[in-house]
Amino acid sequence: MATLQLLQTQPTRTHPDHPILSLLDDHNRPPDRTHIKKIHARMLRLGLLSDPYSASRLIAALSLSPSRDLHYAHQLFDQIPQPNLFTWNALIRAFASSSTPLRSLLVFLRLLSEAPLGPDKFTFPFVIKAAADLPASRFGRAVHAMVLKSALRADVFIGNSLIYFYASCGDLGLSRRVFDGIPVRDVVSWNSMIAASTQAGRPEEALELFRRMEAEDVKPNDVTMTSVVNACAQMGDSDTERWVCSYIERNVIRRSLILNNAMLDMYAKCGNLEEARKLFDAMGERDSFTWTTMLVGYASDGDFRAARRVFEVMPSRDIAAWNAMISAYEQRGQPKETLGLFHECLKEDVIADQVTFVSVLSACSQLGMIDLGRLIHASIHKHGVTLNCHLATSLIDMYAKCGNLEKAVEVFRSVDRRDVFVWSAMMAGLAMHGHGEAAIKLFWEMQEAKVKPNEVTFMNMLCACSHSGLVDKGKMYLNQMLPVYGIAPKVEHYGCMVDILGRAGRLDEALDLIENQMPMPPRASVWGALLGACAVHGNVKLGEKAFEHLVALEPGNDGAYVLMSNLYAKSDYWDGVAKLRKRMREMGMKKEKGCSSIEVDGVVYDFLVGDISHPSYRKIYLKLNEMTSRLRSSGYVPNRSQLLQNVEDDDAKEQALYLHSEKLAIAFGLISTDSRTPIRVMKNLRVCDDCHSFAKVVSSVYEREVFLRDRYRFHRFRGGECSCMDFW
DNA sequence: ATAGGGTTAG
């Protein structure tokens with residue numbers, strides 16, 4: 001009886017173990033591709049391939065060796081008369097850890113229909129791993145169902161891979177159910193569950209599991225501690241950090257490279273760069289994770305030079321290192337440097353990935369470089385990079401912020417999986433272009449698609465209401481946030497509501513919201529919104545109040561002084577203007593210079609007020625003169641009320657309205673682009689009334705579409721009208 | 001003859 005069972009489970013041996021097979025797994029000399037092919041040829045001549053055992057050994061070597069050739073392995077597999085389960089498993093395993101895990105699933109399906117014996121305890125972990133990495137959630141659930149119906153339902157290896165599978169499908173609850181259902185859990189079961197909780201952003205649960213693990217006397221190892229350290233990093237308090245470090249010391253946990261990297265990351269995340277540096281110096285072995293973690297640590301600590309130094313001296317730079325450096329530039333608001341580094345990265349033949357493109361697209365939208373953005377979109381398309389939600393969000397954002405709303409909508413419609421960020425980016429784009437109602441419609445469409453709104457969504461919704469003057473809708477959504485959607489409004493949401501009310505002239509309501517209804521103290525931005533509204537509606541008294549609150553919170557806020565000064569000027573209160581100027585002078589404060597930029601033939605040109613640094617500035621000023629007289633005869637009257645926008649005496653001369661930076665950029669656009677190309681100008685500050693009406697007339701007199709993005713929103717000028725309907 | 005868990009970048 002025992003012999004019979006052995007015969008059934010052991011592979012059939014028709015030949016004795018041929019010496020050539022030992023060449024396949026010589027660990028001192030792993031066979032390279034040509035070597036394997038030679039062995040293959042010899043095996044063919046020896047007739048060894050008709051022996052399932054020998055053929056399987058060859059397939060395994062082909063699929064698993066460092067220089068594996070899965071295509072070759074697959075072809076060979078198809079030629080074997082009777083692949084045994086070991087052979088099937090080797091192939092399923094190889095594909096599971098390849099770049100095409102889908103093939104693993106396909107081979108598994110073939111196994112089900114073709115193999116005389118079903119999958120075994122080795123097959124399941126491989127195929128479940130493939131399903132997890134795709135992730136193929138329905139497929140994985142079906143495999144799980146097969147496991148439950150089989151005799152393998154209590155297998156701890158399979159259980160552990162199912163924990164991993166459900167975690168990567170984002171269903172922590174099901175991971176937990178599998179975990180709870182494993183009769184005899186081992187350390188890997190605990191590690192998988194703790195890691196799943198950590199990765200789902202639930203550090204408290206991870207630490208709770210760790211305590212239970214200890215209570216049940218399962219000894220944690222370095223892998224356990226890696227996840228626990230990661231959880232502590234997420235908790236972000238220094239007590240937890242000290243506790244985990246001393247635990248690792250006391251229990252003599254092996255300090256693997258990965259554990260050290262995780263600890264490095266924890267120190268860096270807690271802003272403890274000194275400790276991070278100490279550990280870094282003490283580490284005997286370092287890899288690209290180590291260096292990149294240090295880089296990111298310095299960058300997020302604000303020590304940009306140290307970050308750059310790490311980048312310069314690290315022994316090799318993979319795409320993750322480049323991405324870290326590129327995104328550091330991007331987040332510092334240095335889009336030109338971001339793009340410069342991106343070009344260097346391409347020159348070094350490092351293959352850009354989705355993360356790279358996310359940063360680069362963001363730099364494009366900061367600069368308004370729609371042509372480069374388009375180019376990147378095209379190359380993403382060409383390289384068959386799949387649009388994940390991050391990338392789709394960046395593309396939508398880039399097109400919207402560069403003025404091509406149609407293209408943004410096109411991208412939005414073309415992606416099949418949309419997360420809350422994709423939806424929110426589209427709503428923000430519509431809002432920015434003044435399509436408030438459309439943004440609100442999208443909000444409902446999003447909920448029909450069963451995607452839950454988050455804080456960002458509501459910020460964009462309120463912005464939409466603000467840009468379109470939808471006061472009651474804005475109030476309604478703000479009031480619904482907590483009771484209906486379970487999201488507590490933050491100070492930014494209240495700031496936006498103040499803006500909505502203020503623009504509509506309901507200044508008292510806005511003040512009441514700030515003083516009596518907000519559950520938190522107002523921040524500078526909230527008073528700023530109120531001050532802005534007072535400036536629009538000429539309410540000096542309330543404006544002064546908002547201004548004093550604002551500068552108390554942010555003494556260096558030059559925008560506050562400009563707004564207040566405009567408000568005084570508008571109300572003919574010149575003493576006020578003078579007093580403000582004096583105050584600014586005493587503080588040594590300078591107004592942020594207005595700067596407009598325009599992209600022509602892939603180059604971004606910046607213009608400051610009265611700028612004469614451009615090589616062809618004479619031509620630009622001539623054009624501007626010509627334009628001004630042509631526009632005057634078409635009814636353009638310079639609006640001098642904002643002449644005093646700038647409170648700096650010294651450059652008052654340059655402050656003549658017609659030298660405003662956006663006018664220079666538009667003039668340059670007219671002389672340097674094709675007559676059918678829209679002119680796209682980006683401005684760092686808000687556009688002033690005069691430039692706004694200037695652009696309107698340009699769009700009709702010169703029959704050119706003009707896009708003007710300011711700090712706040714988008715203006716699209718066509719045929720003498722602006723998309724904002726003069727409401728901004 | 002074959003297995004599972006962990007670290008960086010948005």
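Numbers restart at 1 for each chain; the letters A, B, ... are given by sequence-line order, proteins then strands.
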Is there a donor N/O on one and an acceptor N/O on the other, under 3.5 Å, for the side chain of A:S256 and the base of B:dG6? yes

Protein-nucleotide distance (A:R255, atom CZ; B:dT7, atom P), rounded to Å: 17 Å

The single option from A:F95, A:F126, A:F77 that satisfies ring pair (Phe, Tyr, Trp, His ring centres under 6.0 Å) with A:W88 is A:F77

For A:D186, report the nucleic acid contact type (base, sugar-phosphate, nothing); a contact means any heavy atom under 4.0 Å. base

So which nucleotide from B:dT2, B:dT7, B:dA9 ends up closest to the side chain of A:A324? B:dA9

Out of B:dT2, B:dG6, B:dT8, which has the shortest distance to the side chain of A:D120? B:dT2

Expected output: side-chain A:S197 to main-chain A:M193 donor-acceptor under 3.5 Å: yes

Mind checking A:N260 for me? I need base, sugar-phosphate or nothing, with any heavy atom below 4.0 Å counting as a touch. nothing

Among B:dG6, B:dT7, B:dA9, the one nearest A:Y164 by side-chain distance: B:dG6

Under 3.5 Å, side chain of A:H383 to main-chain N/O of A:S379, donor-acceptor pair present? yes

Ignoring backbone atoms, test whether A:N261 places a side-chain nitrogen or oxygen under 4.0 Å from the OP1 or OP2 oxygen of B:dT8. no

Within this structure, what is the CG-to-P distance between A:L257 and B:dG6, rounded to whole angstrom? 15 Å

Within the 4.0 Å heavy-atom criterion, would you say A:D397 contacts the bases, only the backbone, or no part of the nucleic acid? nothing

Looking at A:F210 versus A:Y247, is the centre-to-centre ring distance below 6.0 Å? yes

Measure the distance from CD1 on A:I163 to C1' on B:dG6 and round it to the nearest whole Å. 14 Å

Tell me what A:F157 touches on the nucleic acid: a base, only sugar-phosphate, or nothing, going by heavy atoms under 4.0 Å. base

How is A:D265 classified with respect to the nucleic acid when contacts are heavy atoms under 4.0 Å: base, sugar-phosphate, or nothing? sugar-phosphate

Ring center gap for A:H390 and A:F421 short of 6.0 angstrom: no

Students often get this wrong, so: under 4.0 angstrom with heavy atoms, is A:A320 touching a base, only sugar-phosphate, or nothing? base

Starting at CD of A:Q354 and ending at P of B:dT8, how long is that distance when rounded to a whole Å? 18 Å

For A:S327, answer base if it contacts any base atom (sugar-phosphate contacts may also be present), sugar-phosphate if it contacts only those atoms, and nothing otherwise; contact means non-hydrogen atoms under 4.0 Å. sugar-phosphate

Mind checking whether A:F304 and A:Y329 have ring centres under 6.0 Å apart? yes

Which nucleotide wins on minimum distance to the side chain of A:V188, given the candidates B:dG4, B:dT8, B:dG10? B:dG4

Using whole Å, what does the distance between atom C1' of nucleotide B:dT2 and atom OH of A:Y53 come to? 12 Å

Check every atom of B:dA3, B:dG10, B:dA9 against the side chain of A:F122 and return the nucleotide holding the closest atom. B:dA3

Side-chain atoms of A:R57 come closest, of B:dA1, B:dG10, B:dT8, to B:dA1

With a 4.0 Å cut-off on heavy atoms, is A:V296 in touch with a base, just the backbone sugar-phosphate, or nothing at all? sugar-phosphate

A:W322 ring center within less than 6.0 Å of A:F342 ring center: no

State whether A:Q199 places a side-chain N or O below 4.0 Å from either non-bridging phosphate oxygen (OP1 or OP2) of B:dG6. yes

I need the CG-P distance between A:D155 and B:dA3, as an integer number of Å. 14 Å

For A:K121, answer base if it contacts any base atom (sugar-phosphate contacts may also be present), sugar-phosphate if it contacts only those atoms, and nothing otherwise; contact means non-hydrogen atoms under 4.0 Å. base

In whole angstrom, what separates A:D287's CG from B:dG6's P? 16 Å

Does the B:dG10 base have a donor-acceptor partner in the side chain of A:N323 within less than 3.5 Å? no

Calculate the interatomic distance between A:L361 atom CG and B:dG10 atom C1'; express it in whole Å. 12 Å

